[in-house]
Amino acid sequence: MTTTLILHTILALLLLILPLGALYLLDRPSMKPFATALTKGFIQLLIFSLIVWAVYKVDNIWLSIGWLLVMAVWAGFLVITKCKLTILQYLFPASTGLFGGTLLVGLWLLVAVLPIDHISARWFLPVMAVLLGHSASMLVRGINNFVTMLQRNRGQYDFLLGNGASQWQALMPFIRTSLLAILSPTIANLSALALVSLPLLFCGMLLGGFAPINAFAMMLYAVLGCIASSVLALGITLLIIKYMNLLS
């Protein structure tokens, strides 16, 4: 770490004067939770950056996939924790869904869509990180909606089973609402896609040397990949939940 980097980091940290000052004036009890959450976030970011740096330096495809597996398990743990479900029962379905959905869609982007000669850590890590992050946030909505609706309407589920419907047919209304739970926010946000994506496009052009049309194409690929990976991750997760008999 150079002296210049330390100086710039200190200057960036000075921006915290604004939120901390606002909390000091308006809601002092919230300062401690805010500072604690901020510190934890910085520590996690530092650890994540060091791990990514090591994987990037080695640049081995199997190590990169191993990194994705570890991140998927961690993301699955966070998803199950936010949904307040039993970790021992639901961690495997959620982690497998995230890993499978992210890996399959990511490989499709890396192999068939992006104009690259071979899959390297330089491309693998950012693509998979973007897909995994979006899929995890959407999976929280999907699983939470699925479990909640099934618990509230257990009578409907049992009624359909009792009248000759298969388990898949009985689960279809709940799967449908779960799917809409992850697609509805995406549909709502697509109308503001240009406004949200413009800063990212400029960052891509200025920092990565992309032409405007290439930056647009990269963002388009990322958005389409995120939508596909979130749906696939949800499908794999619900499929495993069903076959593990966690619905009884």
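Everything numeric in this text was worked out from a predicted model, so none of it was measured.
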**Asked** Going through the checks in order, is the side-chain contact (heavy atoms from CB on, under 4.5 Å) test met by S178 and L234?
**Response** CA-CA 8 Å; S178 179; L234 176 65; 3.5 Å; yes
**Asked** Does atom CH2 of W168 have more than 12 heavy-atom neighbours from other groups under 6.0 Å away?
**Response** yes
**Prompt:** Any chance CZ of F34 has more than 12 other-residue heavy atoms, nucleotides or ligands included, within less than 6.0 Å?
**Reply:** yes
**Prompt:** Do you know which of L16, I43, L20 makes side-chain contact (heavy atoms from CB on, under 4.5 Å) with L38?
**Reply:** L16
**Asked** Going through the checks in order, is the side-chain contact (heavy atoms from CB on, under 4.5 Å) test met by L139 and I182?
**Response** CA-CA 7 Å; L139 193 61; I182 67 173; over 6 Å; no
**Message:** Let me confirm one number: the CG-CZ distance from L91 to F77, rounded to the nearest 0.5 Å.
**Reply:** 8.0 Å
**Message:** Centre-to-centre under 6.0 Å for Y56 and W53, is that the case here?
**Reply:** no
**Message:** Can you tell me how far apart OG1 (T81) and CD1 (I87) are? Round to the nearest 0.5 Å.
**Reply:** 4.5 Å
**Request:** Look at the side-chain heavy atoms of Ile, Leu, Val, Met, Phe, Trp and Tyr, link any pair under 4.5 Å apart, and say whether L11 and I17 land in one connected group.
**Result:** yes
**Prompt:** So do the side chains of F159 and N163 get within less than 4.5 Å of each other, counting heavy atoms only?
**Reply:** yes
**Message:** For L25, is the CG atom crowded, meaning more than 12 foreign heavy atoms sit under 6.0 Å from it?
**Reply:** yes
**Asked** Are the side chains of I227 and L183 in touch, meaning some heavy atoms are under 4.5 Å apart?
**Response** yes
**Asked** Which pairs pass side chain to side chain donor-acceptor pair (under 3.5 Å) with one or both residues in residues 33-45, sequence neighbours excluded?
**Response** none
**Asked** Do you reckon L46 sits in the same ILVMFWY cluster as L125, going by side-chain contacts under 4.5 Å, direct or chained?
**Response** no
**Request:** Would you confirm whether N153, through its side chain, and Q156, through its main-chain N or O, come within 3.5 Å as a donor-acceptor pair?
**Result:** no
**Item:** Residue pair V111 / I116, side-chain heavy-atom distance below 4.5 Å
**Value:** no
**Prompt:** Looking only at atom types and distance, does a side-chain atom of T96 sit under 3.5 Å from a main-chain N or O of P93, one as donor and one as acceptor?
**Reply:** no
**Request:** Check whether any side-chain heavy atom of V147 sits under 4.5 Å from a side-chain heavy atom of C83, and report yes or no.
**Result:** no
**Request:** Determine whether I61 and V52 fall in the same hydrophobic cluster, where Ile, Leu, Val, Met, Phe, Trp and Tyr are linked whenever their side-chain heavy atoms lie under 4.5 Å apart.
**Result:** yes
**Request:** Applying side-chain contact (heavy atoms from CB on, under 4.5 Å), run through L160 and Q169 and close with a yes or a no.
**Result:** CA-CA 8 Å; L160 292 174; Q169 291 173 330; over 6 Å; no
**Message:** As an exercise, state the distance from CD1 of I80 to CG of L88, rounded to the nearest 0.5 Å.
**Reply:** 11.0 Å
**Message:** Pair D59, S120 - check side chain to side chain donor-acceptor pair (under 3.5 Å), show working.
**Reply:** CA-CA 6 Å; D59 196 10; S120 62; 4.9 Å; no
**Message:** Tell me whether the rings of W67 and F124 are parallel (<30°), tilted (30 to 60°) or perpendicular (>60°).
**Reply:** perpendicular
**Message:** What I'd like to find out is whether the side chain of H118 reaches to under 4.5 Å of the side chain of W123, using heavy atoms alone.
**Reply:** no
**Message:** For F92, is there any backbone N or O sitting under 3.5 Å from a side-chain donor or acceptor partner on S95?
**Reply:** no
**Asked** Could you state the interatomic distance from CG (L238) to CZ (F146), rounded to the nearest 0.5 Å?
**Response** 5.0 Å
**Polar contact flag, side-chain donor to acceptor under 3.5 angstrom, T102-S229** = no
**Complete:** For V55 and A121 the tightest heavy-atom approach is O-CB, 4.0 Å
**Prompt:** How long is the gap from CD on Q167 to OH on Y243, to the nearest 0.5 Å?
**Reply:** 8.5 Å
**Item:** From H134 atom NE2 to L132 atom CG, the distance as rounded to the nearest 0.5 Å
**Value:** 11.5 Å
**Transitive ILVMFWY side-chain link Y221 to M128, under 4.5 Å** = yes
**Request:** Say whether V79 and F48 are linked into one hydrophobic cluster, either directly or through other cluster members, by side-chain heavy-atom distances under 4.5 angstrom.
**Result:** yes
**Message:** Has R154 got a side-chain atom pairing as donor or acceptor with L150's backbone, closer than 3.5 angstrom?
**Reply:** no
**Item:** Stepwise side-chain contact (heavy atoms from CB on, under 4.5 Å) check, W108 with L103
**Value:** CA-CA 8 Å; W108 175 261; L103 183 63; over 6 Å; no
**Message:** Quick one: does any side-chain atom of T148 pair with a main-chain N or O of N145 as donor and acceptor, under 3.5 Å?
**Reply:** no
**Message:** Strictly distance-based, threshold 3.5 Å: is any side-chain N or O of D27 a donor or acceptor partner for the main-chain N or O of L23?
**Reply:** no
**Message:** Taking the side chain as everything from C-beta on, heavy atoms only, tell me whether L109 gets closer than 4.5 Å to L131.
**Reply:** yes
**Prompt:** Short question: side chain of T86, backbone of Q89 - any donor-acceptor pair under 3.5 Å?
**Reply:** no
